[in-house]
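Notes follow the structure.
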Amino acid sequence: MAKKKTSSKKRVMEPHVHHNHPGHTRHLKQLARVRGQVDGIEKMILEGRYCIDIINQLKSIGAGVKVIESAIFEAHLKSCVQEAFASTNPTEIEEKINEINKLVYGPKSKG
């Protein structure tokens, strides 16, 4: 029995909260670059390349992901968090504080 081929397109998620959620499509080019680097590392491993060369490429990927993460986090602070604080809704404010606390300090942090 033949396996059904699934689409590689990702489902677009609805915004977490009902507000003007920032778009992150500008980061797709950076993500494509990271994806290419991952493919390159796979090839390096298959070719038996030198460990340090592979590690340097992995570090490069990590740095690229950090740049994307930082930009998305900044957009979150400037839009989602700022909007919650401007609403003066104590529940929304507390949710955003807890959300950031967990992001920074991990899932076992207060919140």
Side-chain angles (χ1 to χ4, degrees):
M1 183 161 142
K3 287 187 177 182
K4 186 177 179 182
K5 189 173 181 178
T6 58
S7 173
S8 63
K9 290 186 178 182
K10 301 290 183 197
R11 187 173 66 112
V12 177
M13 300 297 290
E14 291 295 318
H16 186 261
V17 184
H18 304 290
H19 70 279
N20 292 331
H21 187 72
H24 304 295
T25 55
R26 69 180 182 271
H27 303 296
L28 293 176
K29 186 175 182 179
Q30 292 168 296
L31 284 171
R33 188 176 308 120
V34 169
R35 187 177 302 113
Q37 289 175 304
V38 171
D39 292 343
I41 290 171
E42 182 179 8
K43 183 178 177 187
M44 290 174 77
I45 290 170
L46 291 171
E47 292 172 350
R49 297 276 298 274
Y50 186 57
C51 303
I52 297 301
D53 293 340
I54 295 169
I55 291 168
N56 283 330
Q57 287 302 309
L58 287 166
K59 291 173 84 60
S60 178
I61 288 171
V65 169
K66 280 288 187 191
V67 167
I68 299 166
E69 177 187 346
S70 177
I72 292 174
F73 184 56
E74 182 178 343
H76 178 66
L77 292 172
K78 288 180 176 179
S79 61
C80 307
V81 174
Q82 187 174 20
E83 189 170 309
F85 275 77
S87 76
T88 67
N89 178 330
T91 303
E92 279 188 55
I93 293 170
E94 188 67 25
E95 284 176 2
K96 293 301 172 203
I97 291 171
N98 291 338
E99 181 180 87
I100 291 169
N101 203 7
K102 286 180 182 178
L103 183 65
V104 172
Y105 298 108
K108 293 186 178 187
S109 66
K110 180 184 177 268

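As the structure is a computational prediction, the values presented were derived from the model and not from experiment.
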Rounded to the nearest 0.5 Å, what separation is found between the [atom1] atom of [X] and the [atom2] atom of [Y]?
X: Ile45; Y: Gln57; atom1: CD1; atom2: CD; result: 11.0 Å
X: Asn56; Y: Ile41; atom1: CG; atom2: CD1; result: 10.0 Å
X: Glu83; Y: Lys78; atom1: CD; atom2: NZ; result: 15.5 Å
X: Ile55; Y: Ser60; atom1: CD1; atom2: OG; result: 13.5 Å

If every non-hydrogen atom of [X] is compared with every non-hydrogen atom of [Y], which pair is closest and at what distance?
X: Ile54; Y: Arg49; value: CD1-O, 3.6 Å
X: His27; Y: Gln30; value: ND1-OE1, 2.9 Å
X: His24; Y: Ala75; value: CE1-CB, 4.1 Å

[Y] reachable from [X] in the ILVMFWY side-chain graph, under 4.5 Å edges:
X: Ile72; Y: Leu28; answer: yes
X: Met44; Y: Ile52; answer: no
X: Val67; Y: Phe73; answer: no
X: Leu77; Y: Val104; answer: yes
X: Val65; Y: Leu103; answer: no

Derivation of the side-chain contact (heavy atoms from CB on, under 4.5 Å) call for Ile93 and Lys96: CA-CA 5 Å; Ile93 293 170; Lys96 293 301 172 203; 6.0 Å; no
Is there a donor-acceptor contact under 3.5 Å from the side chain of Ser87 to the main chain of Ala84? yes
Flag side-chain contact, heavy atom, 4.5 Å: Phe85 against Ile97: yes
